[in-house]
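Taking it in order: structure first as structure tokens, then the write-up.
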Amino acid sequence: MEEITTKYEEVIIELQSVNFIYNKGKDNAYQALYDINLKIKKNDFLIIFGPSGCGKSSLLNVISGLEYPDEGEVFVLDKKRSEMTKKDQVQFHRKTIGMIFQAYNLIPTLNVLDNVAIPQIFINKRKKEREARAMELLDKFGIKEYAERIPTELSGGQQQRIGIARTLINDQPIILADEPVGNLDSKSATNVMHILNRLNTEENKTIIMVSHNPENIIWGNHIIYMKDGRIEKEEFRDIKGDITEVNKMKQQDITDIEALLRNFQGLTKEQIRMMIAPMKAKILARAAIFDLEEDQHKKLEDGIRQRILNTINPKEFFDILDRPEERGGVELNARTAHKISEKVEEIIKIARISGDREKFSDDERASIVSKYISNQDGVSIQPDKFNNLRVLIKNRLNSEINRKEFSELLDKDKEDGGAGLNKQTAKKIAKHIDLILMISYGMT
Ligand code: ADP
Ligand code: MG
């Protein structure tokens, strides 16, 4: 009994079987949320992640009380929202929830200080008091010196910090943020994310943040992945750093790489995926090209990283390779740019297929990877040996043999269960497989 009570108290917002429809009953009715079940705990840093149009903002609005579910129930603290009076709801919202938006919603005719102080006018705080509190927050976020300026004189990152300061001034325990860094360059975005992180860890604020950018997942302890109005997958990490995964997540085999990554204690799989993207990019950049200037190499790696994470498409990746250096590109000649983009796209494709157990059977994955490998420079496989190679690759992709066993079996004789390849070829194949497994980690 004891335990159940404690656990229940920890949940501050709960959605049960929520359906939400825009323009219900009209010709243009549109169901934006399907059967949403979600428990948000005190001090969570929840990330609502998914592509544009999947229902993230709709979900946030249902959580905040701006929209009402058409079916299902929202509990705030332990009360059913549908049973709260209008007045209670307004009170709850005002006292409990602070909101941060992508467009900072600052008032252009007021100076920075007044923009931050404005929510306190509605709760009848005295001028002196609210200005002191606003100043304190501006100081905390490193924008005190701009207090007398008007918002448009400041950078995007600074304006978002004003937006956050304004949200915090009434000191609500729950902060809702809809794409708060969506408009910012990566440096300002990181700065703002650090602020949110500090609010979560040092001031125990519960943060509920919407993002379509996978690079922001790293900040959450509770992540939901949305698609077409539904929660597809949910991930948690607990205080000890153990990862529990629920909701339709398939149990995956532990690969060598995954075992290695256990060192990243306390991160979810998705967070690890983000963290190792630069490492993957480095390895792939090295495999794809030789002979580049330091600066060009950095830009190539950065482009590959974005491509691996699928935050840019093949065309955008090619443009980065092709574009002159002074415009942030790698400035390769057209032929080299084509060659590299083809190579990178191919290996990303193969890596994705190699781990996609849903779309491809074990045999299909093994065949595709084997064909890819036998077409690589310096690898030549006699037809009678191809099938043995394919079987070994299949076992390797399924983690039935480890890296060492795989390498040894490649050049062992057929009679001993090997592929009977020469040492040189065996070495090259082992390297290609390493690269594919590395790149594929966390892709599917
Ligand atoms: P996201 O924030 O993930 O981009 P939204 O929650 O804004 O997605 O929208 C989900 C779906 O609901 C989209 O298809 C969108 O077109 C639709 N939608 C959003 N707002 C409205 C509205 N006010 N009226 C009708 N449809 C809407
Ligand atoms: Mg949105």
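Counting starts at 1 for both ligands and their atoms, in listed order. None of these values were measured; they are calculated from a predicted model.
- Closest protein heavy atom to atom 7 (O) of ligand 1: Ser57 CB, 3.7 Å.
- A salt bridge is absent between Lys298 and Asp295: the closest approach of a Lys/Arg side-chain nitrogen to an acidic carboxylate oxygen does not fall below 4.0 angstrom.
- The nearest heavy-atom contact from the protein to atom 18 (N) of ligand 1 is Tyr22 CE1, 3.3 Å.
- Counted by atom type alone, Glu73 and Ser82 present one or more donor-acceptor pairs between their side chains at under 3.5 Å.
- The structure places NZ of Lys371 at 11.5 Å from CD1 of Ile393, a figure rounded to the nearest 0.5 Å.
- When hydrogens are left out, the protein atom nearest atom 12 (O) of ligand 1 is Tyr30 CE2, 3.4 Å; that is the closest non-hydrogen contact.
- Residues Lys125 and Ile169 are not in side-chain contact: their nearest non-hydrogen atoms beyond the backbone lie 4.5 Å or more apart.
- Contacts between Asn23 and ligand 1 below 4.0 angstrom, taking non-hydrogen atoms only, involve the side chain exclusively.
- Side-chain contact check for Leu199 versus Leu196: some heavy-atom pair is nearer than 4.5 Å.
- Side-chain N or O atoms of Asp139 include none that pairs as donor or acceptor with a backbone N or O of Lys144 at under 3.5 Å.
- The pair Lys394-Asp363 counts as a salt bridge, with a side-chain nitrogen and a carboxylate oxygen less than 4.0 angstrom apart.
- Near Pro51, meaning under 4.0 Å from one of its heavy atoms, ligand 1 places the atoms 3 (O).
- Judged by the shortest distance from any of its heavy atoms, Gly229 lies outside the 4.0 Å radius around the atoms of ligand 1.
- Protein heavy atom closest to atom 9 (O) of ligand 1, with residue, atom name and distance, is Ser58 OG, 3.8 Å.
- Regarding atom 1 (P) of ligand 1, its nearest protein heavy-atom neighbour is Gly53 N, 3.5 Å.
- Heavy-atom separations between Gly55 and ligand 1 include at least one value shorter than 4.0 Å.
- The Mg ion (ligand 2) does not have Ser58 among its coordinating residues (no N/O/S atom, backbone or side chain, under 2.8 Å).
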